[in-house]
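Everything below concerns the one structure shown next.
Note that this is a predicted model, so its numbers are computed, not measured.
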Amino acid sequence: MLAYLIRRLFAAAVMLVVIVMVVFGIFFLVPKWVGVDVALSFVGKQADPAAVEGVREKLGLGDPVYLQIWEFFKGIFVGRTYAGGGDVVHCAAPCFGYSFRSEQAVWPVLTERFPVTLALALGAAVLWLVFGVAAGVLSALKRGSLWDRGAMIVALAGVSLPIYFTGLLSLAIFAFGLKLIDAQYVPFDQSVGGWFGGMILPWITLAFLYAAMYARITRATMLEILGEDYIRTARAKGLREQTVIGKHAMRSTMTPILTMLGMDLGALIGGAILTETTFSLPGLGQKVLDAIKNQDLPFILGVTLITSLAVLIANLVVDILYAVIDPRVRLS
């Protein structure tokens, strides 16, 4: 198990370095190759040539490519010195570059907003795993029953309805209509109860979409597994139905579920844009939209790296869980 974990950690580290280099190329080298001036994006189209040249020198855009990549890595992992607004600003911690608009370090903004997005993603993931997988297993065990048909109808509605529709509908009913929930977001350090009340509707809205997908996948996988020979053999041996389902069928069912969870959770940590925008949550989502509108490349780059890192970590956890569920995976 330790050797398997070391191999996965090494592979994740190599992948992270590759991702950083690819992202650097996309944001800083490709625009140059296609004739787009990053320095001009920084100062605006109305700036005089002297200002553009000053920004190019300040950002090091005229340096050789290998030196730009080194400074980029240095800025991510150990911080860097940057002359912003005429003053020298030292970012002792990782800074992910500086905003083209505010000239503020990107890293502090990410760390300020990231906990909100992380809480949204993890809370919703718990809900959709518990309810989605449970609904899918029950539907498979009660195939053709009223529960099965009703659950699949709800799942189809959950997959079909967009988040901004279900989010606004839940706000209209539970927050503004029945006034059962105060949907106003409150920071965790100010009030735990207020924070939970502000997050419950976003959790449910986001979990409704994913729980519907997980219920359908779980049902289809469980139905296929229940027809396998080893399930019939386990029943023929006289094992209790709870043991057959819980110990044998669920192990195989969880493999595709874990695969989906790794990708979905990683993507959500990168920013659940629609959900955060609908509920006015101060997470990464709204900031990403603003950065895209303003062509703020450093911030978009920072969120891209955070998203990539989240996907890597989520898939690393999934690989470890694979090894726990199926010992044969450790040999791969």
Side-chain angles (χ1 to χ4, degrees), residues 4-30 68-80 82 91-100 104-126 128-129 188 202 206 210 257-276 281-292 296-323:
Y4 173 81
L5 181 58
I6 293 174
R7 291 199 305 271
R8 287 295 181 265
L9 287 173
F10 178 76
V14 172
M15 183 61 66
L16 181 60
V17 173
V18 172
I19 289 174
V20 170
M21 296 183 66
V22 170
V23 169
F24 174 83
I26 291 174
F27 281 91
F28 288 98
L29 298 183
V30 173
Q68 291 188 48
I69 294 178
W70 165 249
E71 289 295 331
F72 182 68
F73 271 93
K74 182 180 175 183
I76 290 177
F77 297 107
V78 298
R80 63 184 298 183
Y82 168 80
C91 183
C95 52
F96 278 52
Y98 290 80
S99 170
F100 280 179
Q104 293 179 334
V106 172
W107 180 251
V109 179
L110 291 177
T111 55
E112 178 184 357
R113 291 176 171 266
F114 180 73
V116 178
T117 302
L118 180 63
L120 174 63
L122 293 180
V126 172
W128 85 55
L129 269 180
F188 184 82
L206 189 56
Y210 284 89
I257 299 301
L258 288 176
T259 303
M260 291 177 57
L261 179 63
M263 297 302 297
D264 292 338
L265 187 57
L268 280 179
I269 291 177
I273 296 177
L274 287 178
T275 306
E276 291 180 358
L281 297 177
L284 293 176
Q286 187 60 50
K287 198 67 178 177
V288 169
L289 291 179
D290 295 339
I292 293 173
D296 196 349
L297 292 183
F299 192 86
I300 300 174
L301 185 147
V303 174
T304 302
L305 291 177
I306 286 289
T307 304
S308 303
L309 180 61
V311 172
L312 281 176
I313 293 176
N315 280 275
L316 179 62
V317 173
V318 167
D319 287 341
I320 295 174
L321 292 177
Y322 276 164

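Looking at residues two or more places apart in sequence or on another chain, you find a side-chain contact (heavy atoms from CB on, under 4.5 Å) between Leu281 and Val116, Leu120, Tyr185, Met199, Pro202, Glu276, Phe279. Listed by chain and number, the residues in a side-chain contact (heavy atoms from CB on, under 4.5 Å) with Leu129 are Val133, Tyr214, Ile257, Leu261 (sequence neighbours excluded). Contacts of Thr259 classified as side chain to side chain donor-acceptor pair (under 3.5 Å), with partners at least two apart in sequence or in another chain: Tyr322.
The distance from atom CG of Leu265 to atom CH2 of Trp128, rounded to the nearest 0.5 Å, is 6.0 Å. Annotation: the span from Leu122 atom CG to Thr117 atom OG1 amounts to 10.5 Å, rounded to 0.5 Å. Rounded to the nearest 0.5 angstrom, Leu289 CG and Leu284 CG are separated by 11.0 Å.
In this structure a side-chain-to-backbone donor-acceptor pair under 3.5 Å is missing from Thr275 to Leu206.
Of all the heavy atoms in Phe299 and Val109, the pair that sits closest is CE1-CG1, 3.5 Å.
Ile19 has its side chain within reach of Leu312: a pair of non-hydrogen atoms, C-beta onward, lies under 4.5 Å apart.
Counting non-hydrogen atoms of neighbouring residues, nucleotides and ligands closer than 6.0 angstrom, the CE atom of Met15 reaches no more than 12 such neighbours.
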